[in-house]
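Counting starts at 1 for both ligands and their atoms, following the listed order.
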Amino acid sequence: MIYTLPPLPYATDALEPKMSQETIEYHYGRHLQTYVDNLNRLITGTPFENVPLETLILTSSGPIFNNAAQVWNHTFFFNSLSPSHTEMPSYLKDLLIRDFGSVDLFKEKFKKATIEIFGSGWAWLAQDKKGKLHIIQESNAGNPIRAGYKPLLNMDVWEHAYYIDYRNRRAAFVDNCWDLINWHKVASRMTEDITVAEYTDLEGNRVDVKETVTVEIEEEQEEEPAETKRNMERYVCIICGYIYDPEEGDPENGIAPGTPFEDLPADWTCPACGVGKEHFEKER
Ligand code: MN
């Protein structure tokens with residue numbers, strides 16, 4: 001399947017002044033085009049070549065995942081905007097009130113989520129399998145369909161989304177972008193009779209991911225569990241017997257859960273007796 005740049009549902013200058021024509025020309029015309037071109041180049045001649053975009057997102061990793069997800073995320077983003085003001089349908093409003101307290105609180109929480117994403121990424125409004133709405137932060141090309149959610153709305157907070165118009169003012173971009181959201185589109189995604197893992201590809205074909213997830217996993221992925229296991233070994237302080245467990249980390253001293261012993265900073269010391277890392281050995 002050769003992917004092509006999806007059609008933009010409005011003219012490149014239609015979102016002015018909140019989103020300038022220059023931004024659209026770069027963001028849609030260049031960044032998204034580059035993701036499309038990269039994806040085509042990366043999948044050609046691989047088992048991923050004739051796989052629907054959603055399946056790529058669910059089954060690939062590394063550069064193929066990054067470019068596939070960025071094609072999907074951007075298509076979804078540009079389709080979520082409209083040059084004309086839209087009123088939020090009442091059934092969407094009711095669910096936002098149910099799950100966030102009020103529409104204003106939802107906006108506040110969503111905006112906070114966009115601002116707090118460190119570096120590049122996406123904020124999402126997505127529905128879980130029981131229909132509950134969630135605000136989800138994803139780094140880089142992240143997409144909540146990998147965790148079983150149905151996306152309703154996303155907001156691009158990569159710098160390329162706002163730097164031309166807003167420079168470093170991400171919050172101002174989000175405020176202005178908010179007024180461009182096509183709430184009819186957002187709400188229609190909720191009521192479409194589709195499962196979480198079923199979506200249309202860019203050519204408008206319905207895709208049932210459940211039937212197509214039979215992609216061979218690349219060899220490099222097989223090595224990951226062994227690597228993870230090695231790094232997650234527990235270490236014992238030979239002075240006092242304290243055990244460093246990577247799964248727990250050492251949050252009181254700024255070490256996040258999931259930090260391998262090898263990755264502890266050189267000046268990290270035993271939280272129980274204060275000696276350095278050199279006094280630790282692998283738990284036997
Ligand atoms: Mn972008």
*asked:* Checking Thr269 now: which residues fulfil side-chain contact (heavy atoms from CB on, under 4.5 Å) with it, not counting sequence neighbours?
replied: none
*Verify the ring-centre separation between Phe173 and Tyr162: is it less than 6.0 angstrom?*
yes
*Could you please tell me which protein N, O or S atoms lie under 2.8 Å from the Mn ion (ligand 1)?*
His27 NE2, His74 NE2, Asp156 OD2, His160 NE2
*In terms of ring plane angle, is the pair Tyr35 and Trp158 parallel, tilted or perpendicular, where the classes change at 30° and 60°?*
perpendicular
*Are Asn66 and Gln70 close enough that a side-chain donor and a side-chain acceptor fall under 3.5 Å?*
no
_Given Tyr149, Phe100, Phe106, the one that forms side-chain contact (heavy atoms from CB on, under 4.5 Å) with Leu133_ = Phe100
*side-chain contact (heavy atoms from CB on, under 4.5 Å) with Trp124: which of Asn73, Leu152, Leu153?*
Asn73
